[in-house]
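In listed order, ligands and their atoms are each counted from 1.
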Amino acid sequence: MNISNTHVAVIGGGCAGLSAAVALVEKGFKVTVFEASSQLGGRARTVLVENNSLMQLLDNGQHILLGAYRETLALLHKIGVDEEKVFLRVPLQITMQSNSAKTVFSLKSVQYLPAPLNVLVGLIACKSLSISELIAAIKFMLHIKKNRFQITGDKALEQFLIEHKQSSKLIQMLWEPLCLAALNTPIAIASTRIFLNVLKDSFSSSSFIGSKKNSDFLLPRLDLSKIIANPMAHFIQKNGGDIKLSRRIRSLEIEGDGFSLTTRDG
Ligand SMILES: Cc1cc2nc3c(=O)[nH]c(=O)nc-3n(C[C@H](O)[C@H](O)[C@H](O)COP(=O)(O)OP(=O)(O)OC[C@H]3O[C@@H](n4cnc5c(N)ncnc54)[C@H](O)[C@@H]3O)c2cc1C
């Protein structure tokens, strides 16, 4: 394949499309990103909203990254984003409050221990759980670790957790927030296989060195678009890529040894 003569269309300017475009322009491909909306970033973007006649920039939902997102962090580093400037890195901490703001669950990982002991000791110190819930959670962690964070086939995470005797409190306070943060999918339909991958990357000491940092939360200090979409777009354009906004791809057909795409403009 002659790379410089190959024109690659990337459909969608969300994190996935922009990451693909960054990798392609780096290799020397001619790239055009087609984004249906007037803005890049997809679900991870900053939007302008009106609030009491005041225009405000808000993220399209709070995003939290995990220390285990090593490919994402490596990509951001490559395009010149300084992790320390754009994220506040804090050890894993989940606090749930009742409607009256009373803390009903609090789990904090322990900084001085390696993974997964940092989270296990955090669980033991967690006063909100009964002894039987604590034992069930530890048994579950040991079971999935023994099975190398893999299952045969796949099933909904909720079903998997119930099968492994996780009480409704454990599910609601611990597993569901982790699942929502990492997969942004309700546990009733979230893939157990993907969730176990997240747990492996975040809590398994065998995954890679420095692993207690894998379960850290990375909280954006800036608007999401300033951290992800804008720097990626800048990198793509600086390396010769083209970005077309408000261009939904309406059809895709095989033509010769390539493809033909259609937008509203033809
Ligand atoms: C409220 C909320 C909170 C979240 N919280 C977290 C979190 O804490 N941590 C975390 O890791 N993840 C979180 N996520 C998930 C994360 O935002 C997504 O996983 C990620 O942004 C998906 O990127 P993507 O590129 O795969 O898809 P998308 O972001 O959906 O991008 C797809 C893009 O393709 C464009 N497109 C679609 N069809 C066409 C077409 N025919 N032609 C041209 N363009 C097209 C769309 O307009 C869109 O811009 C959250 C998501 C939401 C909504």
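- Within the 4.5 Å cutoff, no side-chain heavy atoms of L18 are placed close to those of F235.
- Between N147 and I151 the shortest side-chain heavy-atom distance does not fall below 4.5 Å.
- Residues K78 and V22 are in side-chain contact: their nearest non-hydrogen atoms beyond the backbone lie under 4.5 Å apart.
- Compare L219, N60, T72 by their heavy atoms: the one nearest to atom 1 (C) of ligand 1 is in N60.
- Using a 4.5 Å heavy-atom threshold, the side chains of W175 and F195 count as touching.
- Ranking the protein heavy atoms by distance from atom 37 (C) of ligand 1 puts R248 NH1, 4.5 Å first.
- Considering only non-hydrogen protein atoms, atom 12 (N) of ligand 1 sits nearest to H63 CD2, 3.9 Å.
- In summary, the atoms of ligand 1 found under 4.0 Å from a heavy atom of G14, numbered by their order in the structure, are 25 (O), 31 (O), 33 (C).
- Protein heavy atom in closest approach to atom 26 (O) of ligand 1: A16 CB, 3.6 Å.
- In this structure the side chain of T192 never reaches within 4.5 angstrom of the side chain of Q159, judged on heavy atoms.
- Those atoms of ligand 1 with a heavy atom of G42 less than 4.0 angstrom away are 29 (O), 31 (O), 48 (C), 49 (O).
- Looking at V10, T72, L75 one by one, the single match for side chain to side chain contact (heavy atoms under 4.5 Å, CB included) with S19 turns out to be L75.
- For atom 8 (O) of ligand 1, the nearest protein heavy atom (residue, atom name, distance) is I64 N, 2.7 Å.
- Comparing S19, A36, P220, G13 against atom 45 (C) of ligand 1, the shortest heavy-atom distance belongs to A36.
- Nearest to atom 51 (C) of ligand 1 among the protein's heavy atoms is N184 ND2, 2.9 Å.
- Here's the thing with C15: one of its N/O atoms is less than 3.5 angstrom from an N/O atom of ligand 1.
- Looking at atom 22 (C) of ligand 1, its nearest protein heavy atom turns out to be R43 NH2, 3.6 Å.
- Checked against T46 for a side-chain hydrogen bond (donor to acceptor under 3.5 Å, both in side chains), the options N230, D59, D223 give a single hit: D59.
- Proximity to G61 (heavy-atom distance under 4.0 Å) selects the following atoms of ligand 1: 1 (C).
- None of I243, I236, I228 except one satisfies the side chain to side chain contact (heavy atoms under 4.5 Å, CB included) rule with L40; the exception is I243.
- In summary, the atoms of ligand 1 found under 4.0 Å from a heavy atom of R247, numbered by their order in the structure, are 43 (C).
- Against a heavy-atom cut-off of under 4.0 Å, Y69 is close to the following atoms of ligand 1: 9 (N), 10 (C), 11 (O).
- Here the protein heavy atom with the shortest distance to atom 42 (N) of ligand 1 is I249 N, 2.9 Å.
- Residue-ligand proximity: Q62 is placed with a non-hydrogen atom under 4.0 Å from ligand 1.
- With contacts defined as side-chain heavy-atom distances shorter than 4.5 Å, the pair L161/F140 qualifies.
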Test log, rule side-chain contact (heavy atoms from CB on, under 4.5 Å), inputs N239 and E26: CA-CA 7 Å; N239 287 278; E26 229 199 341; over 6 Å; no
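- For the pair I11 and ligand 1, the shortest N or O to N or O distance does not fall below 3.5 Å.
- Closest to atom 36 (N) of ligand 1, if we only count protein heavy atoms, is G12 CA, 4.1 Å.
- Residues D201 and R70 meet the side-chain proximity criterion, which asks for heavy atoms closer than 4.5 Å.
- On a distance-only criterion, E35 and ligand 1 share at least one N/O pair closer than 3.5 Å.
- Minimum heavy-atom separation, A9 to L261: CB-CD1, 3.2 Å.
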